[in-house]
Amino acid sequence: MPRLFCFGLGFSALAFARAMQARGWQVAGTCRSRDKAQALRAEGIDAHVFGDDPLQDFASALTGTTHLLASVPPGDNGDPVLAAHGEDIAGLKNLEWIGYLSTTGVYGDRDGGWVNETSMLLPTTARGKKRVTAELNWGDLAARMDVPLHIFRLAGIYGPGRNQLVSLRKGTARRVDKPGQVFSRIHVEDIAQILEAAALSGLPGGAFNVCDDEAAPPQDVVAFAAELLGIDAPPLIPFEEAQMSPMGRSFYAESKRVKNDRLKTDLGITLRYPTYREGLRALADAGDGKA
């Protein structure tokens, strides 16, 4: 039986894990707390705690793993999974596929221009530079093992409980106006189906841009969410006057449009939510953002 192990069962990886569990796969992975591990075990996922310290039971945790997904972000000292368990992973005998969740931030700022998977990696933020290094390091490991590595460069992620409908109800949504600024997005359900297709594809290693079909100004997305909720959109705030954290401001340092053709041609993907409109409408219909 195929067995998936996910380093980092966060929002995106957990959606993928549940999809593979529904296919009858064995699913295991890591999280950062004992409480979350207990909750995941209750739904049939073999969960282990991994964070500041290496896995204490690596051999038993990864026994029988055929597919491995890494979603833990790199830190100042590099990729924590590779640092703690790179050589352990290299010793796995039955591994058939490695997936790595990266970010479109590896392309840097393109002043609203287009990028695809063959574009040069020109990160302009510290986070983006760390991701490029992590991609290269995972590539080195996969090459040593002669195992295909699929790199998934994710755009801004949204989904149930994590979207502008919820932010509006919480009073935290803002409409920051920076002329020419656009972001790409992707619904977590589409991430799950893309990862599933890639894991089953048998394709050689490569990168996939994981985004929907329309990069859009962030203030337009907030306005559409407000329209769905039947409330007034927050007022526009000029970027120069917006009070933002350093991380929040760094997101506005990059503007690009990301092509996703390879998802469709190589993996045969039809996006369930091709733009933020379909995604937010489905979330509103399901109850997100209700008063």
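Because the structure is predicted, anything quoted here is derived from the model rather than measured. The residues of the chain are indexed from 1 along the displayed sequence.
Proximity of D140 to N137: side-chain heavy atoms (C-beta onward) are separated by under 4.5 Å at one or more points. Counting only heavy atoms from C-beta outward, the side chains of R131 and Y100 approach each other to under 4.5 Å. Taking the side chain as every heavy atom from C-beta outward, R257 and S184 never approach each other to under 4.5 Å. A 4.5 Å side-chain heavy-atom check between V210 and I157 finds every atom pair outside the cut-off. Taking the side chain as every heavy atom from C-beta outward, V81 and W138 approach each other to under 4.5 Å. In this structure, the side chains of L62 and L95 stay at 4.5 Å or more apart for every pair of heavy atoms. Put simply, the side chain of L203 reaches to within 4.5 Å of the side chain of F208, judged on heavy atoms. Using a 4.5 Å heavy-atom threshold, the side chains of I98 and P148 count as separate.
Of the inter-residue distances, the one linking D88 atom CG with L82 atom CG reads 11.0 Å to the nearest 0.5 angstrom. With values rounded to the nearest 0.5 angstrom, R110 atom CZ is found 4.5 Å from L122 atom CG. Here T104 contributes atom OG1 and L121 contributes atom CG; the two are 11.5 Å apart, rounded to the nearest 0.5 Å. Interatomic distance, CE of M120 versus OG1 of T118, reported as 11.0 Å (0.5 Å rounding). The line from CZ of R281 to OH of Y276 is 10.0 Å long, rounded to the nearest 0.5 Å. Between atom CD of residue Q219 and atom CG of residue L236 there is a gap of 6.0 Å, rounded to the nearest 0.5 Å.
A284 and K290 make their closest contact through O-CE, 4.5 Å (heavy atoms, listed as atom of the first residue, atom of the second, distance). In terms of heavy-atom proximity, S71 sits nearest to L101 at CB-CD1, 3.5 Å. Of all heavy-atom pairs spanning A225 and L280, the tightest one is CB-CD1, 4.1 Å. In terms of heavy atoms, P80 sits closest to G75 at CD-N, 4.4 Å. Nearest heavy-atom pair across D266 and R262 is OD2-NE, 2.8 Å. Residues A198 and S201 approach most closely at O-OG, 2.8 Å, considering heavy atoms.
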For this session: Check the pair M244 / Y252 against side-chain contact (heavy atoms from CB on, under 4.5 Å), numbers first and verdict last.
Result: CA-CA 10 Å; M244 305 172 72; Y252 281 82; 3.4 Å; yes

For this session: Might you work through the side-chain contact (heavy atoms from CB on, under 4.5 Å) test for Y158 and F11, ending with a clear yes or no?
Result: CA-CA 9 Å; Y158 72 103; F11 193 57; over 6 Å; no

Problem set entry | CA sep, side-chain torsions, deciding dist, call: I45, Q21, side-chain contact (heavy atoms from CB on, under 4.5 Å) | CA-CA 8 Å; I45 295 174; Q21 191 179 34; 3.9 Å; yes

Problem set entry | Check against side-chain contact (heavy atoms from CB on, under 4.5 Å), I89 and F58 | CA-CA 9 Å; I89 294 169; F58 180 89; 4.1 Å; yes

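I194 and L200 fall within a single hydrophobic cluster, where Ile, Leu, Val, Met, Phe, Trp and Tyr are joined by side-chain heavy atoms under 4.5 Å apart, directly or via other members. Note on F224 and V166: separate hydrophobic clusters, where clusters join Ile, Leu, Val, Met, Phe, Trp and Tyr whose side-chain heavy atoms are under 4.5 Å apart, directly or indirectly. Residues L154 and V72 fall into different hydrophobic clusters, defined by Ile, Leu, Val, Met, Phe, Trp and Tyr side chains chained together at heavy-atom separations under 4.5 Å. Cluster annotation: L263 and I191 are assigned to the same hydrophobic cluster (Ile/Leu/Val/Met/Phe/Trp/Tyr, side-chain heavy-atom contacts under 4.5 Å, transitive). Criterion: ILVMFWY side-chain heavy atoms under 4.5 Å apart, direct or through other members. Under it, I151 and L141 are part of a common hydrophobic cluster.
A donor-acceptor pair is defined here as one N or O able to donate and one able to accept, closer than 3.5 Å; no such pair exists between the side chain of D261 and the backbone of K264. When atom types are taken as modelled, the side chain of T66 and the backbone of N94 share no donor-acceptor pair closer than 3.5 angstrom. For K256 (side chain) and Y107 (main-chain N/O), no donor-acceptor pair under 3.5 Å exists by modelled atom type. Of the possible donor and acceptor atoms, none in the side chain of S167 sits under 3.5 Å from a partner among the backbone N and O of Q164. At least one donor-acceptor pair closer than 3.5 Å links the side chain of N163 to the backbone N or O of G159. Panel note: side chain Q181, backbone E254; a donor-acceptor pair is recorded below 3.5 Å. Between the side chain of R175 and the backbone N or O of V222, no donor-acceptor pair lies under 3.5 Å.
Ring planes of H150 and W97: perpendicular class, angle over 60° (limits at 30 and 60°). Using a 30° and 60° split on the angle between ring planes, W25 and H67 fall in the tilted class, from 30° to 60°. Using cut-offs of 30° and 60° for the angle between ring planes, the F50 and F7 rings count as perpendicular.
Salt-bridge annotation for E117 and R153: absent, with no side-chain N of the basic residue lying under 4.0 Å from a carboxylate O of the acidic one. A salt bridge links E87 and R144; the closest N-O separation between the charged side-chain nitrogens and carboxylate oxygens is under 4.0 Å. A salt bridge between D79 and K130 is absent, with no side-chain N of the basic residue lying under 4.0 Å from a carboxylate O of the acidic one.
Between the side chains of R127 and T103, not a single donor N or O lies within less than 3.5 Å of an accepting N or O. Using modelled atom types, one finds a donor on one side chain and an acceptor on the other under 3.5 Å when comparing T65 with R3. Residues D35 and S33 have side chains that never bring a donor and an acceptor to within less than 3.5 angstrom of each other. In this model, no donor atom of one side chain and acceptor atom of the other lie less than 3.5 Å apart for N260 and D212.
Environment of CD in Q38: sparse, with no more than 12 heavy atoms of neighbouring residues, nucleotides or ligands closer than 6.0 Å. Taking a 6.0 Å sphere around CG of D285, one finds it holds more than 12 heavy atoms contributed by other residues, nucleotides or ligands.
The only member of L40, D57, L9 that meets side-chain contact (heavy atoms from CB on, under 4.5 Å) when paired with H48 is D57.
A cation-pi arrangement, defined by a distance under 6.0 Å to the six-membered ring centre and an angle within 45 degrees of its axis, is present between R249 and F239.
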Output a table of donor-acceptor pairs, distance under 3.5 Å, between side-chain atoms of residues 268-275 and any protein atom two or more places apart or on a different chain; print 'none' if there are none.
residue, atom, partner, partner atom, Å
Y273, OH, E189, OE1, 3.1
T275, OG1, R277, N, 3.1
T275, OG1, E278, OE1, 2.4

